[in-house]
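Following: one structure in structure tokens, then a few remarks.
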Number of protein chains: 2
Amino acid sequence: MNRRETKQKEGILKVLSNTRAHPTADQIYDEVRKDIPRISKGTVYRNLQVLEEDGAITELRLDGTLSRYETKQENHYHFRCEKCGRVSDIDMPVDKKLDQRAEKRTGLKISSHQLEFRGLCKECQN
Amino acid sequence: MNRRETKQKEGILKVLSNTRAHPTADQIYDEVRKDIPRISKGTVYRNLQVLEEDGAITELRLDGTLSRYETKQENHYHFRCEKCGRVSDIDMPVDKKLDQRAEKRTGLKISSHQLEFRGLCKECQN
DNA sequence: TTAGGTGCAAAACCTTTGCCATCCC
DNA sequence: GGGATGGCAAAGGTTTTGCACCTAA
């Protein structure tokens, strides 16, 4: 199962590298299609899986129904606007002590945590 | 749009009141069907929406492709086993200072946060 | 009586998969 | 050449919806 470089895979990665919008698979598809009109959705989904397996991107499963994607980066927190649904990164250090604290209280083996803030983004505050 | 009490709605609420398992819509359907064999999935989904609108239950949208449900309670943290997928509540106070801290750093209007710990549950540690 | 709720089935979505053609190494 | 990848379309799985019938108030 040796991986190959293809223009489809590169196109998808390029879209994700050029945005901070945490797009859904469908949004990625629309964007890549501008460069590669005949690309199929199946290919987008397959490559998103492959890219995540290879550690190049992260699948965000914070919403429940739709997956969103971002290029791999240090674990960080997210913000979701309760009105418009947009997701953005929060520039705030990840508090690893939370894991230890929760581990002590529960006896579970905890390796990480995901945190999503909710509220109103700047545009939606008006 | 006055709400009515129906045995279907009561049955769904009863299932959620009697479990800590954060079941999916499908699991709720299976459980309710023991009491109300002719209930349909559409009715389950419709009632889950209604119950959430009325504040009786909460739809958990942290991680995963499937929505999970629980009866309404104080905001609290969750744990998801990375191996078996089970979700459980964490008995740990919600740190409201996190919201203030994030608000200061970002200028966003933050009203709450959702936190999900990940790791291995007791059963899966073996 | 009557507006809201139910059951059933079809539709709508999102994601995965099978198949064969195509491409990369 | 040969295995990995792509395009297309069909299949899968979850959730929503249209409609005729039912039922709580």
Side-chain angles (χ1 to χ4, degrees), chain A residues 1-16 21-70 80 85-87, chain B residues 1-16 21-70 80 85-87:
Chain A
M1 182 64 94
N2 292 316
R3 292 277 148 77
R4 272 177 206 176
E5 296 305 315
T6 66
K7 66 177 182 205
Q8 287 86 348
K9 194 202 282 187
E10 280 167 22
I12 290 164
L13 199 48
K14 193 172 133 208
V15 167
L16 281 171
H22 305 79
T24 61
D26 212 54
Q27 292 166 334
I28 295 168
Y29 171 64
D30 282 341
E31 195 62 30
V32 180
R33 224 164 12 149
K34 293 177 187 167
D35 277 343
I36 311 169
R38 296 182 59 75
I39 195 172
S40 72
K41 261 192 198 176
T43 298
V44 171
Y45 278 106
R46 268 184 296 237
N47 272 303
L48 288 171
Q49 282 179 357
V50 163
L51 286 167
E52 188 177 32
E53 276 174 34
D54 294 350
I57 67 172
T58 303
E59 181 179 4
L60 298 180
R61 300 173 150 275
L62 292 167
D63 184 70
T65 44
L66 292 182
S67 283
R68 290 169 176 272
Y69 299 85
E70 65 183 11
R80 180 183 304 265
R86 260 184 290 215
V87 174
Chain B
M1 182 62 100
N2 292 315
R3 292 277 149 77
R4 256 176 222 181
E5 295 306 314
T6 65
K7 65 179 183 208
Q8 288 84 350
K9 195 203 282 187
E10 279 168 23
I12 290 164
L13 199 49
K14 191 172 133 206
V15 167
L16 281 170
H22 304 80
T24 62
D26 210 54
Q27 292 166 335
I28 295 168
Y29 171 64
D30 282 341
E31 195 61 30
V32 181
R33 223 162 17 145
K34 294 177 187 167
D35 276 343
I36 312 171
R38 295 181 60 76
I39 196 172
S40 73
K41 262 192 198 175
T43 296
V44 171
Y45 278 105
R46 270 185 294 236
N47 274 302
L48 288 171
Q49 282 179 359
V50 163
L51 286 166
E52 188 177 32
E53 277 174 33
D54 294 350
I57 67 172
T58 304
E59 181 178 4
L60 298 180
R61 299 174 155 273
L62 269 179
D63 189 61
T65 42
L66 295 183
S67 284
R68 290 169 176 273
Y69 299 84
E70 67 183 10
R80 182 183 302 263
R86 260 184 292 216
V87 174

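Residue numbers start from 1 in every chain, and the chains themselves are labelled A, B, ... in the order their sequence lines are given, proteins ahead of strands. We use all heavy atoms of the structure for the numbers below, so side chains are in, but hydrogens, waters and symmetry mates are not.
Residues L16(B) and P23(B) meet the side-chain proximity criterion, which asks for heavy atoms closer than 4.5 Å. For the pair N47(A) and V32(A), the minimum side-chain heavy-atom distance is 4.5 Å or more. Looking at heavy atoms from C-beta onward, K9(A) lies in side-chain contact with V50(A) at the 4.5 angstrom threshold.
Salt-bridge check for K7(B) with D35(B): failed, with every basic side-chain N at 4.0 Å or more from each acidic carboxylate O.
Here the CG-CG distance, from L13(B) to D54(B), works out to 10.5 Å after rounding to the nearest 0.5 Å. Taking OG1 of T58(B) as the reference point, atom NE2 of H22(B) lies at 9.5 Å (rounded to 0.5 Å). Separating the CD atom in Q49(A) from the CD1 atom in I57(A) is a distance of 9.5 Å, to the nearest 0.5 Å. One finds the CG atom of L48(A) at 9.0 Å from the CD atom of E52(A) (value rounded to the nearest 0.5 Å).
Applying the salt bridge (Lys or Arg N to Asp or Glu O under 4.0 Å) criterion to E53(A), with sequence neighbours excluded, gives R3(A). Remark: E70(A) engages no residue in a salt bridge (Lys or Arg N to Asp or Glu O under 4.0 Å) (not counting sequence neighbours).
When all heavy atoms of I36(A) and Q8(A) are compared, the closest pair comes out as CD1-CA, 3.8 Å. Nearest heavy-atom pair, A25(A) versus V44(A), reported as atom, atom and distance to 0.1 Å: O-CG1, 4.0 Å. Between I12(A) and T43(A), the closest heavy-atom pair is CD1-O, 4.2 Å.
One can place CD of Q49(A) at 13 Å from C1' of dT5(D), the figure rounded to the nearest angstrom. Atoms CD (Q27(B)) and C1' (dG13(D)) sit 14 Å apart, rounded to a whole Å. For L51(B) and dT15(D), the CG to C1' distance is 16 Å, given to the nearest whole Å. When rounded to the nearest whole Å, the span between OH of Y29(B) and C1' of dG13(D) equals 15 Å. Rounded to a whole Å, the CD atom of E52(A) is 11 Å from the P atom of dT16(C). dG6(D) atom C1' lies 9 Å from atom CG of N47(A), rounded to whole Å.
Counting non-hydrogen atoms under 4.0 angstrom, D26(B) reaches nothing in the nucleic acid.
Listed in residue order, the members of residues 30-45 of chain A having a heavy atom less than 4.0 Å from DNA chain C are G42(A), Y45(A). A heavy atom closer than 4.0 Å to some atom of DNA chain D occurs in R4(B), E5(B), these being the qualifying members of residues 4-16 of chain B.
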Taking only nitrogen or oxygen atoms into account, show me every contact under 3.5 Å that the protein makes with nucleotides 18-21 of chain C, one pair per line with its distance.
residue: dG18(C); atom: O6; partner: R46(A); partner atom: NH1; Å: 3.2

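Dashed line: the shortest gap from a side-chain N or O of N2(B) to OP1 or OP2 of dA24(D) is not under 4.0 Å.
With the end axes of the helix from dT1(C)-dA25(D) to dC25(C)-dG1(D) each set by five pairs, the angle from one to the other reads 30° at 10° resolution.
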